Amino acid sequence: MDIDSMPKGYTPGDVEDKWYKYWEDNGLFKAEDKSDRPPFCIVIPPPNVTGVLHMGHALNNTLQDILCRYKRMRGFNVLWQPGTDHAGIATQNVVEKSLAANGTDRHAIGREKFIDLVWEWRAKYGGIIINQLKKLGSSCDWSRERFTMDEGLSRAVREVFVSLYEKGLIYRGDYIINWCPRCHTALADLEVEHEERDSFLYYIRYPYQDGKGGLIVATTRPETLLGDTAVAVNPDDERYLDLKGANVLLPVLDRPIPVIFDGYVDKSFGTGALKVTPAHDANDFEIGNRHGLERIKVIDEDGMMNDMAGPYRGMDRFECRERIVDDLRAKGLLEKVEPYRNATGHCYRCKTMIEPLLSKQWFVKIAPLAEKAVQAVKSGRTRIIPSTWENVYFDWMNNIKDWCISRQIWWGHRIPAWYCDGCGEVIVAKEAPKKCRCGSSGLRQETDVLDTWFSSALWPFSTLGWPDRTAALETFYPTSALITGFDILFFWVARMMMMGLHFMDEVPFRDVYIHALVRDAEGKKMSKSKGNVIDPLEVIEQSGTDAFRFTLAAFATQGRDVKLSEDRIEGYRHFVNKIWNSSRFVLMNLDEDSFSGANPAERSLPDRWILTRLGKVSDEIGQALDDYRFNDAAGLCYQFVWHEFCDWYIEMAKEWLYGEDEALKKSVQTTLKEVLMGVLRLLHPFMPFVTEDIWQRMPGVRESIMKASFPVSSDFK
RNA sequence: GGGCGGGUAGCUCAGUUGGGAGAGCGUCGGCCUUACAAGCCGAAUGUCGCAGGUUCAAGCCCUGUUCCGCCCACCA
């Protein structure tokens with residue numbers, strides 16, 4: 001054979017783009033809405049539209065692609081459904097930053113103009129992440145690409161919102177919520193990160209109204225005392241039994257507030273007396289509800305003290321704290337200050353300290369939805385793999401609280417609710433109503449948008465065409481598997497379960513495979529804000545996509561985090577080269593007869609041995625992939641190809657190839673060809689590019705390796 | 001406060017029902033043998049965190065303990 005076109009070393013660069021284009025041009029990633037073949041469907045975890053590829057994406061999408069390519073070779077009608085997420089706050093922040101760089105802000109240009117700008121931004125940068133996924137070799141059906149804000153998905157969002165509202169599962173109400181004074185929006189509980197920080201515990205005396213002594217209260221947030229409407233003690237606390245009906249005077253403001261008794265209060269903490277600020281603390285809010293306390297808001301949406309804060313009006317909340325402590329000390333009301341370490345909530349996007357705030361927001365009543373989602377996993381209709389995550393899932397689902405879905409930002413699905421200027425009626429509808437029932441046409445749409453995860457929760461069915469009953473939906477729902485990191489188990493997976501079960505009456509996926517997080521050298525989560533990311537594209541540039549993918553697969557051990565090692569990538573780059581060169585050897589030792597199709601009457605013992613081994617290993621690798629044991633599958637490939645096929649069989653084959661016995665030679669040539677082609681098929685899910693490149697060099701091959709079947713033992717009988 | 005994962009060769013990590021301690025990189029010795037020096041052949045390296053227990057047999061099971069990491073949580 002002529003092997004002049006095969007250089008001694010494999011060079012991935014040019015080859016990869018060529019074959020990716022070939023696959024796309026030949027429609028090899030396309031799924032069929034209707035087919036005789038069994039369906040296999042994965043919906044991609046949609047990356048943020050403004051995002052760039054990071055290691056987490058690389059791992060996540062490599063695993064998905066391995067499964068998809070494997071299943072295609074197994075004869076499945078595979079749909080890997082791609083798309084991107086509008087990523088409300090994240091995207092808005094990015095665009096706002098660029099505005100700030102130009103010395104302006106969104107308020108100066110107005111809502112409509114701002115949203116236009118975000119769409120422009122998306123048009124300009126939204127394709128980046130998609131192209132990067134292609135660099136990875138991702139075999140998505142790109143003809144079906146969706147975006148959470150496109151017309152169809154927006155329709156699904158409105159449909160779901162209205163339906164839940166009509167069933168009483170969405171409501172609007174005054175509650176204490178997590179407010180980010182920087183992003184200027186409410187956040188769901190999940191979007192608040194708790195972080196321990198050094199702080200102080202202040203012991204403050206609230207004088208009794210009747211003048212004798214006072215009640216000492218411990219707090220970490222003295223500035224909120226301006227909004228106190230009670231002091232609570234435990235009803236079983238013998239120290240305070242005689243305070244029934246007593247009032248104390250709020251320090252500084254001298255407002256009388258009652259002493260109340262509530263079982264929530266921990267006798268052993270501080271002095272056993274708790275100041276109650278219903279408008280600025282979630283627990284206090286609950287206590288306030290139980291006792292009918294007034295809610296006095298003293299901090300506004302900017303984190304500044306408002307008119308109710310009296311002399312502290314206009315101060316920043318942290319400045320106010322210092323001032324009020326000084327004043328308390330001056331008045332002799334500050335008993336003592338202890339160093340204290342406690343956890344405070346911070347915005348997951350900008351790390352600003354969260355201010356619990358009384359506010360009118362939209363919520364999803366979640367308990368009824370959670371119930372079915374728990375049952376679906378308990379009954380095995382959806383499997384979570386590895387199963388250790390099931391307990392985490394159950395814990396969260398069983399303690400779930402209502403989901404705050406409104407956000408005070410501009411980029412996102414605007415809540416389909418309208419307020420009537422005439423009668424004050426709230427109209428929730430899929431399309432903008434012309435006029436209210438009262439006859440008034442003065443309707444104003446809700447300015448809030450929905451939490452980004454609201455539309456993501458619909459992803460498994462909205463991308464397939466819901467609310468229309470499309471053929472795709474019929475064929476591919478429920479989807480086969482969801483491949484994702486545990487960091488979005490609650491944000492995304494749990495919510496898809498709930499929405500899927502509610503609207504489709506069926507689980508959104510049969511399997512959920514939870515893979516590890518790729519961490520940095522110190523075991524920390526890689527993130528843009530920490531600046532500790534290793535760029536996957538640089539790795540690809542350096543070592544080639546195939547080696548990179550194989551490394552990720554080999555690292556994807558269930559239940560363990562990945563700390564990426566450059567050395568391992570290097571090792572697998574050598575492996576790719578080994579495959580290249582063994583192919584080169586085989587090709588240069590074959591002749592036309594080897595491809596005639598006629599098997600030799602007899603095979604030598606080594607021939608039979610390697611064929612048997614190939615069949616056995618193929619079965620093991622198939623089983624490993626069926627079980628989502630990617631690292632085992634990769635290890636089996638490595639061991640077999642290098643240490644059995646190359647080190648033993650090829651070395652033995654040389655003797656016969658260069659020997660005198662023509663029959664033996666023919667047998668060996670045929671076996672070499674068969675094993676090589678088997679190996680290429682075996683490796684294709686992991687290393688799509690190099691295997692395709694070699695495959696199409698095999699004389700007689702006219703089709704993509706993607707059309708070949710995954711090898712099984714019966715192929716080599 | 002609750003839960004989870006991990007401490008295995010110098011480094012990064014595998015180790016599926018208990019029975020051989022492994023891979024990559026690195027190190028040492030020998031090989032430019034016509035597929036591959038990105039390679040081949042050979043070698044060294046580990047009280048598998050610590051202490052007990054079950055067993056004929058434990059890295060793997062049980063108990064305790066220590067260190068690290070993570071997740072969840074309304075103790076002010």
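Naming: A, B, ... by sequence-line order, numbering from 1 per chain. Bear in mind the structure is a predicted one, so any value in this text is a computation, not a measurement.
The nearest whole Å value for the distance from the CG atom in A:N342 to the C1' atom in B:C74 is 13 Å. Atom CG in A:L201 sits about 9 Å away from atom P in B:A76, given to the nearest Å. Atom C1' of nucleotide B:C71 and atom CD1 of A:I514 are separated by 13 Å, given to the nearest angstrom. Straight-line distance from the CH2 atom of A:W389 to the P atom of B:C70: 13 Å, rounded to whole Å. A:I488 places its CD1 atom 13 Å from the P atom of B:C72, with the value rounded to the nearest Å. Look at CD on A:E193: it is 12 Å from P on B:C70, rounded to the nearest Å. Distance CG (A:L587) to P (B:C36): 14 Å, rounded to an integer number of Å. Here the P atom of nucleotide B:G39 and the CZ atom of A:F575 are 12 Å apart, to the nearest Å.
Distance from the side chain of A:N283 is smallest for B:C74 among the nucleotides B:A35, B:C72, B:C74. Taking only side-chain atoms of A:L190, from C-beta outward, the nucleotide of B:G5, B:C72, B:A35 with the closest atom is B:C72. For A:Y264, counting side-chain heavy atoms from C-beta on, the closest listed nucleotide (B:C75, B:C36, B:A35) is B:C75. Distances from the side chain of A:R584 to the nucleotides B:C72, B:A76, B:A35 place B:A35 closest.
Note on A:F645: nothing from the nucleic acid sits closer than 4.0 angstrom, heavy atoms only. Here A:S582 lies in heavy-atom contact (under 4.0 Å) with a base. Backbone-only contact: A:D647 has heavy atoms under 4.0 Å from sugar-phosphate atoms and none from a base. A:K654 comes within contact range of at least one nucleobase, with a heavy-atom separation under 4.0 Å. Residue A:V265 is classed as a base contact, given a heavy-atom separation below 4.0 Å to a base. Contacts of A:A218 with the nucleic acid, taken as non-hydrogen atoms under 4.0 Å apart, include base atoms. Within 4.0 Å (heavy atoms only), A:N631 reaches sugar-phosphate atoms of the nucleic acid but no base atom. In this structure, A:K8 reaches the sugar-phosphate backbone alone: every heavy-atom distance under 4.0 Å involves primed, P, OP1 or OP2 atoms, never a base.
A:K267 has no carboxylate O lying under 4.0 Å from a charged side-chain N of A:D237, or vice versa, which leaves the two without a salt bridge. Ion pairing between a basic and an acidic side chain is recognised when a charged N comes within 4.0 Å of a carboxylate O; A:E355 and A:R221 show such pairing. A salt bridge links A:D198 with A:R341: the distance from a Lys NZ or Arg NE/NH1/NH2 to an Asp or Glu carboxylate oxygen falls below 4.0 Å.
For the C1' atoms, the distance from B:U33 to B:C68 is 50 Å, rounded to whole Å. Across B:C62 and B:G19, the matching P atoms stand 15 Å from one another, rounded to whole Å. Across B:A73 and B:A57, the matching P atoms stand 47 Å from one another, rounded to whole Å. Distance noted for atom P between B:G5 and B:G52: 25 Å (whole Å). The P atoms of B:G26 and B:A37 are separated by 16 Å, rounded to the nearest whole Å. B:G1 and B:C75 have their C1' atoms separated by 9 Å, given to the nearest Å. When the C1' atom is used for both B:U12 and B:G46, the distance is 16 Å, rounded to whole Å.
Shown are A:Y10, A:W580, A:Y638; of these, the ring pair (Phe, Tyr, Trp, His ring centres under 6.0 Å) with A:F575 is made only by A:Y638.
In this structure, A:W642 reaches the B:C40 phosphate: one of its side-chain N or O atoms is under 4.0 Å from OP1 or OP2.
Looking at every heavy atom in both residues, A:H280 comes nearest to A:I299 through NE2-N, 3.2 Å.
In this structure the side chain of A:R317 reaches within 4.5 angstrom of the side chain of A:M353, judged on heavy atoms. Using a 4.5 Å heavy-atom cutoff, the side chains of A:V576 and A:S543 are not in contact. Contact check for A:N577 versus A:R573: no side-chain heavy atoms found under the 4.5 Å cut-off. Between A:F686 and A:L625, some side-chain heavy-atom pair lies under the 4.5 Å cut-off. Side chains of A:N283 and A:Y264 form a contact here, defined as non-hydrogen atoms less than 4.5 Å apart.
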Using a 3.5 Å limit on both pairing distances, list the dot-bracket string of RNA chain B from the 5' end; Watson-Crick and G-U wobble pairs count, crossing pairs take [ ], interstrand pairs take |. ((((((((.[[[[.)...(..]]]].(((((.......))))).....[[[[[..)....]]]]])))))))....
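Between A:Y175 and A:F363, the angle of the ring planes goes over 60°, which puts this pair in the perpendicular group of the 30/60° scheme.
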Please evaluate residues A:R239 and A:N234 with respect to the criterion side chain to side chain donor-acceptor pair (under 3.5 Å), reporting the C-alpha separation (whole Å), side-chain torsions for both, the decisive distance (0.1 Å), and the verdict. CA-CA 10 Å; A:R239 290 172 291 181; A:N234 192 291; over 6 Å; no
Sugar-phosphate atoms are those with a prime plus P, OP1 and OP2; base atoms are the rest. Using that split, label each nucleotide of nucleotides 17-33 of chain B B, S or - for protein heavy atoms under 4.0 Å, 5' to 3'. -------SS--------
